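None of these values were measured; they are calculated from a predicted model.
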Amino acid sequence: MKNNREFANIFDECLERILTGGETVEQCLVSYPEHAAELEPLLQTALNAKETLEIAPRPEFRERARYQILAELRDIEERKQRRFSLFGWQPRWATAAIAVLVLLVASSGTVAAAGNSMPDQPLYPVKLATERVRLVLIQSKLGKAEYYAELVDKRVSEIVNMAEKGKLKQMEKTAERMNNQLVAMATLVRTERGAPAVLTVPPAVPEAVPAPAEVTREAPETAVAPEEPKPSVMMAPPPPEDATQAPPPTRAGEPQKGRPSITATPAKPVPEKAPVLAPAPAAVPGPEGEADEDETLDRRARFKIILAQNARRHPEALRAALQRAPELARPALLRALETSNIEYEKLLEFLEELEEQAEKDDED
Amino acid sequence: MQDEESLVRRAKEHDEAALTQLYEENFDKIYRYIVLKIGDRTEAEDMTQQVFLKAFKAISGYKSRGSPFSSWLFRIARNQVVDYWRKKSKRATVPLDEARVGSSNSNPSSEAERKMDIENLVAAAKRLTSMQREVVSLRFAGDLSVAQVAGLMGKSEGAIKALQHSAVVSLRKMLATG
C-alpha cells in the first residue's frame, strides 16, 4: 500500500513536470530509473488521454453563446434599472396611452421630445408608439411605404448610435425592427395599386437629373456591399401607354413626358432629422385623399429615389459603424448590415422586374 | 492570483471585458470536462453555456476562499452534470465522431485517428469507477491541479493522486484490449 502511494506520488510528480514544466518523459524517467519500466507506459497513456481530450466546441457556438450570455446579463441589468425608472413602460400600454395622447393632444411636448429619443432612453417606447399611431392614420399603401422608408432611416441611425455606445441588446432589437419595417415596406410596394407606375419615371435628361440619382449608381466599396443598384431603376423607360399605369400629364405646369418628374416638385421637409445619417430626402406622405394622379406619380418617383438612396446610404452607415464599434457589437452589426443589403437588393430587384414587365407590356 | 482577484472584482461589477476574459479562459476546459462526463457534444455545448450563464448571474455573490475562479465554475458544472443524469430521459445523443478536434492544422487522417481515440477514451472512461472518472475528467479534460481536484471532491491530495494512478492503470488496460 505504501509502495502504491509512493508510486502514485512519483507518477503525479512526473506528470506535472511534463505538463507544466515542459520536461519530456525521458527526462522524468531518468529521475526514477527504478520505476522507469512501470512509469513510462502510464505516462504515455496519461499524455495520450490528455492530448485526445484537446477537443473544442464549435467556434460559432462559442461566439454565439458568449454573445447571448452577455446580452442576457445586460438585459437583467436594464430590467433592474427600469424598475426604478419613471418611464419603465410596456410597449402595449405605451401604445394605448400614446394613441390617446396623439389624437387628443397632437402637439404634446412628450411626444415631440420622444421623437429624437434613442433605444436606450426612457422615452423611446413613446417614440415607437407614436410611429405606430401615425402608421394607422396613413391610409394609402404608398403613404405607408414612404413612412416605412422614413422609419427604416431612423432605425439605421439608432443602430449606429447603439453600436457606438456598445448597447448590444438594444442594437439587436432595433436591427430586428429595421428588418421588419423593410419587409413591411417591400410588401406595400409590391401590393400597392398601380405599382408599376413607381417604375415609369420618364427617361432622365442628363442636365435635369438630380444629384442623388447619380450617387445611386456608385458601386459600394466593400465585399459585403449590395449589388450596384441597377441604373434602370433610376432611369426607367418612358411610361407605358396604358393610362392605368402611368397617366400622362394633362395640365400646364405638370411634369412633361421626357422630363424626370423629380425636378418638377420640391422636396418636402423631413419632420425628424436622422441624428447620425445625412438628412434623408423627403418622404412625407401628403394628406390622404389628395387623389391627384400626377402628384401621386410624382410621389412615387420621389419614393423610388429615396429607396435607391437608402440602399446606398444605409449599408454605408452600418459599415462605418462596424469599423468604430467595439468587438462585441460586430456580430449584431454584421447581421443588420446583411439584412439591409438583402432587403434592399430584393426590393430593387423587384422594382427592376416590374420595370421589365412594363417594358414588355409597352412592346406588346 | 492577484490578477484573477482584480479580474473577478471587475466581473462582479458587470465589466464586460472582465466577464469575457473569464469566459475565454475557462469555456473550453468546462466544455471538455462535460463532454467526457456525458459523451454528447451538443448537450455539452448547451450545458457549458448554462454553466457560464448561472455563474455570471450569481457572480456578485462569489467568494474566492483561496480557490481559483475556475474551481467555482467546475463546481457549477459538476452540479449541472448531476442534474443532467438525473433528468435525462430518452434524448438521442450525438456521436462523438462529430466532435471538433482542437488542433486546426491536423491532417484528415490523424484527425480521424484522434476522433477514434476520443470515442475509445470516452467508452473506457465510462468503465472507470465514478471517482476515477471524476478525477480523469477534472485533471485531463479540465486541466485542474491535484490540489484543485482535491478541493472540489472534498478529498486529500494523496487520495486524488491514488485515484489518478489507478484510473490511468485501468485506462491503459482497457485501451490496450479495445
Side-chain angles (χ1 to χ4, degrees), chain A residues 1-16 19-20 35 38-78 80-81 166-169 326-329, chain B residues 14 16-17 19-20 23-24 27-28 31-33 35-36 41-42 44-46 48-50 52-53 55-57 59 96 99-104 114-118 120-122 124-125 136-137 139-143 145-146 157-158 160-169 171-172 175-176:
Chain A
M1 181 62 84
K2 189 184 174 186
N3 284 345
N4 267 351
R5 276 189 191 166
E6 188 187 341
F7 186 81
N9 284 338
I10 292 169
F11 174 67
D12 185 65
E13 183 202 314
C14 279
L15 209 50
E16 279 300 311
L19 292 176
T20 61
H35 297 297
E38 196 180 352
L39 266 179
E40 201 265 340
L42 292 181
L43 287 173
Q44 289 296 357
T45 300
L47 294 175
N48 284 346
K50 183 92 180 63
E51 191 187 358
T52 301
L53 283 166
E54 289 297 319
I55 53 174
R58 291 167 296 159
E60 63 272 19
F61 175 83
R62 200 171 182 280
E63 182 69 17
R64 192 175 66 239
R66 185 187 65 171
Y67 177 77
Q68 286 171 347
I69 290 167
L70 293 179
E72 187 159 342
L73 292 173
R74 231 175 283 123
D75 204 35
I76 291 168
E77 273 303 294
E78 279 163 16
K80 276 184 194 168
Q81 287 173 3
K167 303 275 180 96
L168 305 188
K169 189 78 179 178
E327 185 64 26
L328 281 173
Chain B
H14 302 285
E16 287 199 359
L19 290 167
T20 300
Y23 177 92
E24 294 294 338
F27 194 87
D28 288 6
Y31 169 77
R32 286 197 289 266
Y33 166 77
V35 167
L36 193 55
R41 190 201 75 171
T42 308
E45 284 181 340
D46 290 341
T48 308
Q49 181 176 2
Q50 285 306 311
F52 278 87
L53 187 60
F56 288 173
K57 274 181 177 176
I59 197 166
L96 272 161
R100 287 285 178 103
V101 178
S103 106
S104 56
R114 185 174 288 184
K115 282 175 185 171
M116 199 182 294
D117 286 344
I118 291 170
N120 291 342
L121 182 60
V122 170
V136 167
S137 302
R139 278 286 278 154
F140 301 151
D143 283 339
S145 67
V146 167
E157 289 187 28
I160 298 301
K161 286 176 187 174
L163 279 167
Q164 175 182 255
H165 171 227
S166 62
V168 172
V169 169
L171 277 179
R172 175 157 189 82
L175 290 170

Note: L15(A) and A46(A) closest approach over all heavy atoms is CD1-CB, 3.7 Å
By ring-ring contact (aromatic ring centres under 6.0 Å, His included) - contacts of Y33(B) (at least two apart):
F74(B)
Contact origin within E24(B) toward chain A - heavy atom pairs under 4.5 Å:
both
Could you please spell out the steps behind the salt bridge (Lys or Arg N to Asp or Glu O under 4.0 Å) verdict for R74(A) and E77(A)?
CA-CA 5 Å; R74(A) 231 175 283 123; E77(A) 273 303 294; over 6 Å; no
For L42(A), is it the side chain, the backbone, both or neither that has a heavy atom under 4.5 Å from a heavy atom of chain B?
both
Among L163(B), D143(B), V136(B), T48(B), which has the most heavy-atom pairs under 4.5 Å with chain A?
D143(B)
Tell me every residue that passes salt bridge (Lys or Arg N to Asp or Glu O under 4.0 Å) with K169(A), counting only those two or more places apart in sequence or in another chain.
none
Under 4.5 Å from any heavy atom of chain A - which part of L53(B):
both
Exercise: identify the closest heavy-atom pair between A49(A) and F140(B):
CB-CD1, 4.4 Å
Under a 4.5 Å heavy-atom cut-off, does chain B meet the side chain of L73(A), its backbone, both or neither?
side chain
